[in-house]
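Structure, as structure tokens:
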Amino acid sequence: MLYTQKSGLKISRLGLGTWAMGAGKDWGPADKNDCIGAIHAALDAGVNLIDTAPIYGNFRSELIVGEAIKGERDKVVLATKCGLQPGQRAVRFDLSPKAVRAEIEASLKRLDTDYIDIYFIHWPDRNTPLADTLSEFEKIKREGKIRLCGVCNFSLSQLKEACEITDISFVQNEFSLLKNEQSKEIIAFCGQNDKTFMAYGVLGGGILSGKYKKEPCLPKYSVKSFFYKFYKGAAFEKARQAAELLSQAAQKYNGDPAQAALNYALAQKGVDIALFGARNPRQALQNARAADWSFNPKELEFLNERYA
């Protein structure tokens with residue numbers, strides 16, 4: 001397994017994202033025991049970063065992670081988030097100090113731990129001054145309940161503002177072979193300012209695994225309908241061709257397209273960590289094997305020429 005110590009923590013360059021473990025409307029059914037098995041399989045394979053959030057399945061993901069790491073907390077770099085809350089019709093954004101305080105206390109209970117290694121703002125909240133939010137982060141950090149601070153889904157200007165207020169160690173944004181142009185400035189900023197960049201969505205919500213050979217019929221509330229917009233029309237055809245290309249490129253390494261997508265992300269200058277999803281032990285082990293091989297420079301150049 002590959003590791004980075006850029007943040008001061010020894011963290012595997014592959015991390016397990018647990019959004020899909022929340023199941024529900026977003027992702028469909030996910031067996032709890034299979035999810036716990038996936039977390040154990042990832043840890044056994046050397047993946048020590050587990051990333052979750054309260055909004056994933058309305059707290060289900062955090063509860064599963066908390067149960068899975070019981071007795072193994074010292075082996076885990078644990079990341080969770082705040083700022084998104086379930087509403088009757090849509091997600092609510094709330095980064096007020098009062099909400100942040102309530103969220104960290106609730107997450108600690110669900111995760112059955114005394115501290116969070118990396119605490120993220122999940123999405124910006126235009127109704128709360130960033131200074132107010134990060135002031136509460138600093139208080140919680142002084143109390144020993146979080147070790148390091150991070151932000152997700154921030155623009156470059158928002159990231160710069162946050163860094164002027166407090167020490168931001170991690171930045172988590174979407175990045176993949178299909179969506180790489182939007183994060184280039186942020187990745188460059190992280191490299192220049194000693195921030196650890198963590199890529200999510202590296203498999204495009206699963207489409208770069210090569211699973212889909214024809215355009216799927218998806219439920220209205222599926223993540224693949226509203227968040228990862230690669231599943232319809234011309235976008236789907238481009239993604240399908242990208243998955244085929246990754247599959248062909250991975251064959252000489254006895255790899256698969258999902259491993260190739262992860263390899264592509266990790267090979268990009270400035271990308272420190274790539275997250276993958278898994279809902280059973282087989283998926284976790286298969287994705288973790290992406291650390292066993294890597295593309296050569298010519299292969300990466302070819303992929304970048306086709307999709308960058």
- Item | Cluster link L275 to M1, ILVMFWY, side chain under 4.5 Å | yes
Heavy-atom count around [X] [atom1] within 6.0 Å, excluding the residue itself: above 12?
X	atom1	result
N296	CG	yes
E244	CD	yes
K6	NZ	yes

- Item | Any side-chain heavy-atom pair of C82 and Y119 under 4.5 Å | yes
- Is there a side-chain contact between F93 and N127 (heavy atoms, below 4.5 Å)?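 No; the side chains remain at least 4.5 Å from each other.
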- Passes side chain to side chain donor-acceptor pair (under 3.5 Å), S7 versus T196? Steps please. CA-CA 6 Å; S7 64; T196 301; 4.5 Å; no
Ring centers of [X], [Y] separated by less than 6.0 Å:
X	Y	result
F197	F170	no
Y56	H122	yes
W19	F227	yes

- Query: Charged N to carboxylate O below 4.0 Å: is that the case for K160 and E164?
  - Reply: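 Salt bridge between K160 and E164, a charged N being under 4.0 Å from a carboxylate O: no.
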- Query: Looking at residues at least two apart in the chain, or sitting in another chain, which of them share a salt bridge (Lys or Arg N to Asp or Glu O under 4.0 Å) with K252?
  - Reply: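 Checked K252 against salt bridge (Lys or Arg N to Asp or Glu O under 4.0 Å); matches are E299.
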- Message: Taking salt bridge (Lys or Arg N to Asp or Glu O under 4.0 Å) as the definition, give me every residue that meets it alongside K145, ordered by chain and number, with sequence neighbours left out.
- Response: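 Once residues adjacent in sequence are excluded, the partners of K145 under the salt bridge (Lys or Arg N to Asp or Glu O under 4.0 Å) criterion are E105, E143.
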- Task: Output, in order, the C-alpha distance, side-chain angles, deciding distance and verdict of side chain to side chain contact (heavy atoms under 4.5 Å, CB included) for L203 and S176.
- Result: CA-CA 7 Å; L203 302 183; S176 71; over 6 Å; no
- May I have all residue pairs that pass salt bridge (Lys or Arg N to Asp or Glu O under 4.0 Å) and include part of residues 61-73, sequence neighbours excluded?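 For residues 61-73: K32-E67, E62-R110, K70-D112, E72-K75, R73-D117.
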- Non-hydrogen atoms of A41 and A284 that approach each other most closely: CB-CB, 4.2 Å
